[in-house]
**Q** 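Quick one: the structure is below, questions incoming.
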4 protein chains.
Amino acid sequence: MRARHEREREFRRESIIEATEQLLNEKTFESITMDDIAMRSDFSKASIYQYFKNKEELIIAVFARILRTECHLIEERCLLETDPIQAMRNYIKIQFESIHRNPWSPKVIATFPFRDYHAENCLSDLYNQKKKLITGIIQRGQTEGIFIISDLDIFTNMLLSASVGFANYFSTRMSSDIQSPEIEMFISTIIKGITKGEQ
Amino acid sequence: MRARHEREREFRRESIIEATEQLLNEKTFESITMDDIAMRSDFSKASIYQYFKNKEELIIAVFARILRTECHLIEERCLLETDPIQAMRNYIKIQFESIHRNPWSPKVIATFPFRDYHAENCLSDLYNQKKKLITGIIQRGQTEGIFIISDLDIFTNMLLSASVGFANYFSTRMSSDIQSPEIEMFISTIIKGITKGEQ
Amino acid sequence: MRARHEREREFRRESIIEATEQLLNEKTFESITMDDIAMRSDFSKASIYQYFKNKEELIIAVFARILRTECHLIEERCLLETDPIQAMRNYIKIQFESIHRNPWSPKVIATFPFRDYHAENCLSDLYNQKKKLITGIIQRGQTEGIFIISDLDIFTNMLLSASVGFANYFSTRMSSDIQSPEIEMFISTIIKGITKGEQ
Amino acid sequence: MRARHEREREFRRESIIEATEQLLNEKTFESITMDDIAMRSDFSKASIYQYFKNKEELIIAVFARILRTECHLIEERCLLETDPIQAMRNYIKIQFESIHRNPWSPKVIATFPFRDYHAENCLSDLYNQKKKLITGIIQRGQTEGIFIISDLDIFTNMLLSASVGFANYFSTRMSSDIQSPEIEMFISTIIKGITKGEQ
DNA sequence: GATGAATGAGACTTCATTCAT
DNA sequence: AATGAATGAAGTCTCATTCAT
């Protein structure tokens, strides 16, 4: 049957992605060579090209996986949450956890050529999906009169970028304890900043 | 006279730095070659090595210049400002302007090997100097009972990283108009988040 | 089968070594470029780096081969020889022949950084092996009361260096006829110098 | 007066030569850069080219000085000596001392392109002069019936090359004490080898 | 499908030498 | 005469990618 074939192929793709993720914890994507990936994934260099057209497609796959995971988590822990403030708290925490798991991700995104990032590859779709989820949370908060009113798109972008910015900072320089009060402080500041009135 | 020689040398160093900055608006530092820099700066490749020991020293010089400029601006527009809130607003604006001028800077910092960045080269000194200036602003705000109380260092790091994070996002994806209301919104959110009580 | 792969790889390594040896007959190792070697060995420059980590490893391999050959020859033509004088004659001849085949070898050794030569690479081992063989010959001569008595190590070094010194001289400046009477004269002088009494 | 001018120029040439000699004690001639020499000699790199046409001429000057010194010493300590054996002993000692003073000299000669060495530059003249002096010693020894009879030129070359070969070996690997018994052994062996009969 | 081998293109860096002051 | 500056030419090495088995 073709199905098993397909499943095995997918499995091998994943091993390569995982090897790459491991390596990204150790050095820049630019400085990781196909040899490194081959070594780590226990495939030959040439074999990798049977699963990914080139280095770029590989990194895209890596990020797609992360974004997909983030989306799942947001759906699970934010969309079902009735309190918008708590939903927002949860999103920020998810963002932290994600960057905590893959501290290199903001760095790599930062260097990833933008044109491609926003164009033909699946990344932009996933990225928009994630944004849409966050937008949903904000919208609910605004509708319920809890969050301040302002342009939705801008609001979302602001939250996303500030969260990622701080999480990145946090993950590279401070204790990597994800429960630390520093994070709570950031969350509170943001929540305070975006909620109406006294809170 | 020695002095003129010295001045001329410094001037040529600056041209190379400027050429590099220009190129950084077009592509990653990693993907910029010494040939590119030579071409753009109208020096021969070999000449560049008379002014910078290697590519790394060059990028360090580029960043040192940016940090120095930022420090000067903060001193001018924040330290003299008596109102802490206004001082803080000004700092965030300066950060935006800086990233607006050099949109690549967060990206490049992101890929710059961190060990070195925080160690023996002059960058760490400059970076700490900048942090100290911001800490000063916050401290004043806290002393005057305007800003919320919390660990100074964490407070500073949070502000710095969130601002850079958002400014980076802003500069690469939205209209590059520095007067846009989006920025005002970010600033307000942050200010609201860090000031005590009603405001 | 793995074995054939291995053999083929070894064969290709040898071609590169041979190309290098050829070139060494034409110019200094320092002045031979990887391009030269690539050209001569009919590999691409990059390919060479699959067989030798760098230029230094290549030269080490070249010398290892020579030393190995010398050791084999000494074993064959000296150790089996019962007459110590004849054994010694044979060694000196072997040394001449070797330098006659690879006239550049003393020159290259001369410029080769000594630390490495006497340290972690396989060369020092081979070199000591060769010395041990010569020491063996001398020792036998001394035991049998034919050679003069003196410190073994010094004796060995003297013979080695004087032979190499003269062979080098001979090969670079005189007719390269290996049968020439000049060589016979050197051999006689040395033999006369190291044998006891009348001879 | 022109004379002082000339003398000063000669003096500056000598400083550069001396700087080069110093450096040769530390690294290969090929690896010494004109910058090194400039630094060490306290001239600017460009200035050196006013005293030597190029790097090659400089190294030639270095060797010319050494050969000239050797010739002087041979004249002083060998030609005046009436006993040929003692004269020969003295020559070998001079050779040792010379190489002891400039241990790099055989190495550098070894790598020096031979064509030039034997052609238009002054080195060949000096070299021949040195050879002629040694030939003189041998000739006297033969005339007086002390040394064995054989072709003069070959005899000379053999002595020269074997002495240089061993002295080189000695200077790089053993204790650098010039009085050591090892040297005496080499000298005795050679003397024994070239003198007639019982000795 | 898997992989050992091969490589073109290109990066950084060095250095002897010349030029202009 | 002296020298800071400039550079062409060259060298070593790396890497993503393709090919042949």
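This structure is a prediction, so every number in the text was calculated from the model and none was measured. Residue numbers start from 1 in every chain, and the chains themselves are labelled A, B, ... in the order their sequence lines are given, proteins ahead of strands.
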**Q** Can you find a donor-acceptor pair, distance only, under 3.5 Å between D:K45 side chain and E:dT17 base?
**A**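 Pair found.
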**Q** If you find the nucleotide of DNA chain E closest to B:D35 and the one closest to C:F43, which residue's nucleotide is nearer the 5' end?
**A**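 On the 5' side of the pair lies C:F43.
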**Q** Any salt bridge linking C:R65 with C:E18? Criterion: basic side-chain nitrogen under 4.0 Å from a carboxylate oxygen.
**A**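 Counted as a salt bridge, because a side-chain N and a carboxylate O are separated by less than 4.0 Å.
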**Q** Between E:dA5, F:dA2, F:dA5, spot the one nearest the side chain of D:R12, thanks.
**A**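 From the listed options, F:dA2 comes nearest.
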**Q** Which is true for A:S47 with a 4.0 Å heavy-atom rule: it touches a base, it touches only sugar-phosphate, or it touches nothing?
**A**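 The answer is base, as A:S47 lies within the cut-off (heavy atoms under 4.0 Å) of a base atom.
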**Q** Side chain of D:A46 only, please: which of E:dA16, F:dA6, E:dT18 is the nearest?
**A**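 The answer is E:dT18, which lies nearest to the side chain.
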**Q** What's the closest nucleotide to the side chain of C:S44 if the choices are F:dC13, E:dT7, E:dT17?
**A**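 Selected nucleotide: E:dT7.
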**Q** Closer than 4.0 Å, any side-chain N/O of B:Q50 to the OP1 or OP2 of F:dA5?
**A**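 Answer is no, no contact under 4.0 Å.
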**Q** E:dA6, OP1 or OP2 - any side-chain N/O from C:Y51 closer than 4.0 Å?
**A**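 Yes, because at least one side-chain N or O of C:Y51 sits under 4.0 Å from OP1 or OP2 of E:dA6.
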**Q** Can you tell me which nucleotide in F:dT12, F:dA1, E:dC12 comes closest to the side chain of B:Y49?
**A**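 Of the candidates, E:dC12 comes closest.
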**Q** Would you mind classifying the nucleic acid contact of D:I32 as base, sugar-phosphate or nothing, using non-hydrogen atoms under 4.0 angstrom?
**A**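 Answer is sugar-phosphate: D:I32 comes under 4.0 Å of backbone atoms only.
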**Q** Identify, between A:K55 and D:I48, the residue whose nearest nucleotide on DNA chain F lies closer to the 5' end.
**A**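 Here D:I48 is the residue nearer the 5' end.
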